[in-house]
**Q** 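Dropping a structure here in structure tokens format, bear with me for questions.
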Amino acid sequence: NWKGEQQDVYSPICLKENENKQFKLGTYPMLTQIEANQALESASNAYNMGMGEWPQMSVGQRIKHIEKFTFKMIEKRDEVVKLLMWEIGKSYKDSQKEFDRTVDYIKDTIDALKELDRKNSKLEINSGILAQIKRSPIGITLCIGPFNYPLNETFTTLIPALIMGNVVIFKPPKFGVLLHKPLLEAFKDSFPKGVVNTLYGSGAKLLTPLMQSGKIDVLAFIGSSNVASQLKHNHPKPNRLKAILGLEAKNAGIIMPDANLEVAVNECVSGSLSFNGQRCTALKILFVHENIVGSFLEQFNTKIDDIKCGLPWDEDVQITPLPEYKKTEYLKELIDDALKNGANIVNKNGGTIKNTFMFPAVLYPVNKNMKIYHVEQFGPIVPILTYKDIKEPLLYMMESNYGQQVSIFGKNSDEIAKLVDGLVNQVSRVNINSQCQRGPDIFPFTGRKDSAQSTLSVSDALRAFSIRSMVAMKNDSDNKE
Ligand code: G3H
């Protein structure tokens, strides 16, 4: 019953070569401010300062609602997978993976909660005090997911928030907005009124007033570091806001002189370019030791030559359309800036743009004066530079605004072990002889500096979206004494 205007959604896929004609996939309503306020009011009524039905419901009952939703969600698999391909250009294989990973995430979350609840139901006795410690919800949660994992990463906050008894307002990303539509009915059928509220529309217009209302207790945001900080600072009582954020990264790959080049090349190609490099965990800058840079580049570029560029449903496709033309313009600006400051495109067809496609560009040698050295490209550009002393990539990481992950390639385990002690204080995950990544989802997923706040993962998220509260009772026998 939304009254807001309908917004058209166009696919970034152009079916005919050399044709810039995008076609309409569907529409979604642009909510008015009044409607957004109604969503907030409905969430507020359902939570009722923690006295609502949902926040007071037993863990077992809440799990039943989530299970009902999951069952209904699975029925929509084909529709959602298709929309993932058409809306954001994700390959068929990766779109299926995103859906199935999300279902597994929900199931694992249920199991983790049962385990947590089992521990919490135990009584603790200390100094004459009998205590039951449990996890309680925090309140009204605003969940905002990113375009690159519009289903999965929205659900990595939405599901744990809900299961812990919070109520949720969630805003689907601009790209990947339609794929949430098939799930609306499932939400409606599976949860009490007001527990899940979908906010369609312009984030720039609707979110600031929501935050300014002071009624949002938890901001769960995955996306750009700047937007997150603007949203946070709009809250009039920042001490009352819990921020759970997954933000930008500039993960470095360090290729040491004794690295197994085949392993390093394979991991760095896939680590930099899976889903067009549009992953926060992608490798976004490579430091190659000067003694091996020649052979590294040769093997790296040969591997990139073989990369298949095509439509999401083409077999073994790796490079697919970017979500909008504007994205190719931004990437081109970064490439031009690097070329102006002394880098070259060193691979065949590197940076070629056709419609919404961009063939990967390998830039070498990259230096500090280039934008690409500092900012997150979130696209198919691989900046490479050489180093002589390991202190150089370490200094890069120390000076960077980001601190999510690093990948280090080499054979000398003693040398690597020595480095790891320092690296874990720079980033939140060190990968040895493998690319950076988020999963498996039971592992903690976070970052330092401008890369994250709080920790997500199956069990960490349950903690993030709750507080430990306690009922304490003075032991009776003590009272008698
Ligand atoms: O975009 C950020 C995602 O958390 C990346 O997840 O490493 O599983 O692709 P992934």
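Start at 1 and go down the list; that is how both ligands and their atoms are numbered. What you are looking at is a predicted structure, and each value in this text was computed from that prediction instead of being measured. Side-chain atoms are counted along with the backbone in the values below, which use heavy atoms only and exclude waters and symmetry mates.
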**Q** CG of N148 to CD of E98: how many Å apart, nearest 0.5 Å?
**A**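 If we round to the nearest 0.5 Å, N148:CG and E98:CD are 8.0 Å apart.
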
**Q** Mind checking whether T281 has an N or O less than 3.5 Å away from an N or O of ligand 1?
**A**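 Yes; at least one N/O pair falls below 3.5 Å.
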
**Q** Is R438 close enough and on-axis enough to Y149, meaning under 6.0 Å and within 45°, for cation-pi?
**A** yes

**Q** Among I335, I384, V382, whose side chain to side chain contact (heavy atoms under 4.5 Å, CB included) with L363 holds?
**A**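 Passing option: I335.
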
**Q** Hey, is ligand 1 close enough to R101 that some N/O pair sits below 3.5 Å?
**A**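 So ligand 1 has an N or O lying under 3.5 Å from an N or O of R101.
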
**Q** Is it true that the side chains of D8 and T27 contain a donor and an acceptor less than 3.5 Å apart?
**A**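 No - no donor-acceptor pair under 3.5 Å links their side chains.
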
**Q** Please identify which atoms of ligand 1 are closer than 4.0 Å to at least one heavy atom of Q437.
**A** 7 (O)

**Q** Which atoms of ligand 1 sit under 4.0 Å from any heavy atom of Y149?
**A**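 Answer, ordered by atom number: 3 (C), 5 (C), 6 (O), 8 (O), 9 (O), 10 (P).
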
**Q** Give the residue, atom name and distance (to 0.1 Å) of the protein heavy atom nearest atom 6 (O) of ligand 1.
**A** R438 NE, 3.0 Å

**Q** Touching ligand 1 at all, F445? Heavy atoms, strictly under 4.0 Å?
**A** yes

**Q** So, K449 and Q404: side-chain donor and acceptor under 3.5 Å apart, yes or no?
**A**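 The answer is no; no qualifying pair exists.
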
**Q** Between F155 and Y105, does the ring centre distance come in under 6.0 Å?
**A** no

**Q** Report the part of N148 in contact with ligand 1, treating N, CA, C, O as backbone and CB onward as side chain, heavy atoms under 4.0 Å; options are side chain, backbone, both, neither.
**A** side chain

**Q** Under a 4.0 Å heavy-atom limit, does Q278 contact ligand 1 with its side chain, its backbone, both, or neither?
**A** neither

**Q** In terms of the angle between their ring planes, are F175 and F147 parallel, tilted or perpendicular, with boundaries placed at 30° and 60°?
**A**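 Answer is perpendicular, since the angle exceeds 60°.
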
**Q** With heavy-atom distances below 4.0 Å as the criterion, list the atoms of ligand 1 near E153.
**A**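 Counting atoms of ligand 1 from 1, those under 4.0 Å from E153 are 1 (O), 2 (C), 3 (C), 4 (O).
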
**Q** Would you mind listing which atoms of ligand 1 come within a distance below 4.0 Å of any non-hydrogen atom of R279?
**A**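 Every atom of ligand 1 under 4.0 Å from some heavy atom of R279: 1 (O), 7 (O), 9 (O), 10 (P).
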
**Q** For atom 2 (C) of ligand 1, what is the nearest protein heavy atom, given as residue, atom name and distance?
**A**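 Going atom by atom, the protein heavy atom closest to atom 2 (C) of ligand 1 ends up being C280 SG, 2.3 Å.
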
**Q** Within the distance-only criterion (no hydrogens, no angle test), does the side chain of N251 pair as donor or acceptor with the backbone N or O of V406 below 3.5 angstrom?
**A**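 Checked: no pair found.
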
